[in-house]
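Heads up: the structure comes next, in structure tokens.
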Number of protein chains: 2
Amino acid sequence: MPAKRYGIGALSRDTGCNIETIRYYERIGLLPEPPRSAGGHRSYAVEGANRLSFIVRSRELGFSVPDIRELLTLVDSGITCEEVKTITLTHLDAIRARINDLRRLETVLQSAAADCEGGDAPECPIIDVLFGHSEAAPQVKAQIETQG
Amino acid sequence: MPAKRYGIGALSRDTGCNIETIRYYERIGLLPEPPRSAGGHRSYAVEGANRLSFIVRSRELGFSVPDIRELLTLVDSGITCEEVKTITLTHLDAIRARINDLRRLETVLQSAAADCEGGDAPECPIIDVLFGHSEAAPQVKAQIETQG
DNA sequence: GATACAACCTGTGGCCACTACAGATTCAAG
DNA sequence: CTTGAATCTGTAGTGGCCACAGGTTGTATC
């Protein structure tokens, strides 16, 4: 009995990955071109579903397409754990840097918003912060300056 | 004596905003079209520099272009502090949500990397995580190798 | 075998917020 | 008047997709 095969729609449902995105991954070489039916429809085996799940999960964890390309190359060629770890740690650094950036933003905006009383006031501390010449919120301004 | 005027290059240096980006902001309507010299070069007054600084700073604080468009509309129309605050708090929520997402990623990747001993091991805990079911690593790995 | 209709095909263009050219023109200094 | 920097317009590319349009194929039912 022949192995089970998936149309692109079934693959999409199984992996939660948009059909257009599956074709996109194929186009950019993350997914190999699958065999086609007589009429040209893509026909996937279970390996295709696994590979796509890997890609989807990696994207969810924030790996870029070039990263994933590299990870897949390693997987295909029997894995050197070392290299996988390197990619992961680099990615982890980027995530941490991003978190720090966002935390700085959070601080600045939070304190600006705290200074703002809302209502119809003719002056707005938040706007002052955005203009960068705030006298109403000098400490906030100082924080922005060191923002980078 | 006539008020001081800036060419686009001077504006770029003063605000730290790329020349192409300045023209882009004009094209999408964040910056008004400035007067031109006889030969067609843009000529900015100090208000233009202020407005651009506002945009640049808002972008640095993570506001989207539509957000900034709205903030500028409020500024132009004499500000309702309330609305500015609403936009800011919404943005703050988005930033916090993003921070939480990233922290989750950080946790997952960090623990996967901690399980990985590096070296030439034939198994990699990180890869297992990316496949989404860590307990069944070897078979899955075999399955991905060849797609039919 | 005919028909209906879902699934699928390719190709193209849009999204965000820019950035990077190419090739023509203008400005300012000497 | 010449030179070279600055600026002009227009187009295309980035990443990671999504959304069509308009045509073809697969499959279930009559």
Side-chain angles (χ1 to χ4, degrees), chain A residues 2 4-31 33-44 48-49 52-72 91 94-95 98 101 105, chain B residues 2 4-31 33-44 48-49 51-52 54-72 91 94-95 98 101 105:
Chain A
K4 191 183 175 192
R5 301 233 131 223
Y6 303 79
I8 198 171
L11 195 63
S12 170
R13 276 187 298 278
D14 281 11
T15 59
C17 185
N18 201 305
I19 289 182
E20 266 92 0
T21 304
I22 296 174
R23 286 195 282 251
Y24 167 73
Y25 287 154
E26 181 183 323
R27 205 163 58 243
I28 65 173
L30 280 192
L31 284 176
E33 294 181 24
R36 304 286 188 120
S37 72
H41 286 198
R42 289 169 179 81
S43 164
Y44 297 90
L52 180 54
S53 294
F54 180 93
I55 296 170
V56 168
R57 178 105 175 106
S58 300
R59 288 291 304 136
E60 283 168 3
L61 290 172
F63 286 97
S64 69
V65 164
D67 280 346
I68 297 173
R69 205 187 295 277
E70 199 169 345
L71 289 171
L72 283 171
H91 179 44
I95 288 174
R98 184 77 185 123
D101 282 351
L105 296 194
Chain B
K4 192 184 173 192
R5 300 233 131 226
Y6 304 80
I8 197 171
L11 195 64
S12 169
R13 277 185 298 277
D14 281 10
T15 58
C17 185
N18 202 306
I19 290 182
E20 263 94 358
T21 305
I22 296 174
R23 286 195 283 252
Y24 167 72
Y25 286 155
E26 181 184 322
R27 205 163 57 242
I28 65 172
L30 280 193
L31 284 176
E33 294 181 23
R36 303 287 186 121
S37 72
H41 286 199
R42 288 169 179 81
S43 164
Y44 297 91
R51 196 178 182 90
L52 180 53
F54 181 93
I55 296 170
V56 168
R57 200 170 290 271
S58 300
R59 287 292 301 136
E60 283 168 3
L61 291 172
F63 286 97
S64 71
V65 163
D67 280 346
I68 297 173
R69 205 187 297 275
E70 199 169 345
L71 288 171
L72 283 170
H91 179 44
I95 288 175
R98 183 80 184 120
D101 282 352
L105 297 194

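Quick note: numbers below take in every heavy atom, side chains included, and nothing from hydrogens, waters or symmetry partners. Chain identifiers are assigned alphabetically (A, B, ...) following the order of the sequence lines, protein sequences preceding nucleic acid strands; residue numbering begins at 1 within each chain. What you see is a predicted model; the values in this text were computed from it and never measured.
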B:Arg42 near the nucleic acid: base, sugar-phosphate alone, or nothing, with a heavy-atom cut-off under 4.0 Å?
sugar-phosphate

Carboxylate-amine/guanidinium proximity below 4.0 Å for B:Glu26 and B:Arg42
yes

More 5' along DNA chain C: B:His41 or B:Pro66, using each one's nearest nucleotide?
B:Pro66

What is the nucleic acid contact for B:Arg59, judged by heavy atoms within less than 4.0 Å: base, sugar-phosphate only, or nothing?
sugar-phosphate

When rounded to whole Å, the CG to C1' distance for the pair B:Leu11 and D:dA6 reads 14 Å

OP1 or OP2 of C:dA17 sitting under 4.0 Å from any side-chain N/O of B:Tyr25?
no

Taken to the nearest whole Å, CD1/A:Ile22 to C1'/D:dG16 is 15 Å

Rounded to whole Å, how long is the line connecting atom CD1 of B:Ile68 with atom P of C:dC16?
13 Å

Taking 4.0 Å as the cut-off, does a side-chain nitrogen or oxygen of B:Arg23 come that near to OP1 or OP2 on D:dT9?
no

Rounding to 0.5 Å, atoms CG (B:Asp67) and CZ (B:Arg59) come to a distance of 9.5 Å

Is there a side-chain polar atom (N or O) of B:Arg36 under 4.0 Å from OP1 or OP2 of D:dT9?
yes

Can you figure out which of C:dC9, D:dG26, D:dG16 approaches the side chain of A:Val65 most closely?
D:dG16

Check every strand shown and say whether B:Phe63 touches a base, only sugar-phosphate, or nothing at a heavy-atom separation below 4.0 Å.
nothing

So, B:Thr15 side chain and B:Leu11 main chain: donor-acceptor pair closer than 3.5 Å or not?
yes

Nearest of C:dT19, D:dC17, C:dA17 to any side-chain atom of B:Arg27?
C:dT19

To the nearest angstrom, how far is B:Arg69 atom CZ from C:dA17 atom C1'?
12 Å

So, the side chain of B:Ser43 versus the backbone of B:Ser37: is there a donor-acceptor pair under 3.5 Å, distance only?
no

Under a 4.5 Å cut-off applied to non-hydrogen side-chain atoms, are B:Ile55 and B:Leu72 in contact?
yes

Quick one: which of C:dT10, C:dC18, D:dT9 gets closest to the side chain of B:Thr21?
C:dC18

For the side chain of A:Glu20, counting heavy atoms from C-beta on, which of C:dA17, D:dT7, D:dC20 is nearest?
D:dC20

Taken to the nearest whole Å, CD1/B:Ile55 to P/C:dC18 is 10 Å

DNA chain D: 5'-proximal contact among A:Ser37 and A:Ile19 (nearest heavy atom):
A:Ile19

Interatomic distance where OH belongs to B:Tyr24 and P belongs to D:dA12 [whole Å]:
18 Å

Any side-chain heavy atom of B:Tyr44 sitting closer than 4.5 Å to one from B:Ile22?
yes

What's the CG-P distance between B:Leu30 and C:dC16, to the nearest Å?
12 Å

Rounded to the nearest angstrom, tell me the gap between atom CD1 in B:Ile28 and atom P in C:dG14.
16 Å

Can you tell which of C:dC18, C:dT19, C:dC9 lies closest to the side chain of B:Asn18?
C:dT19

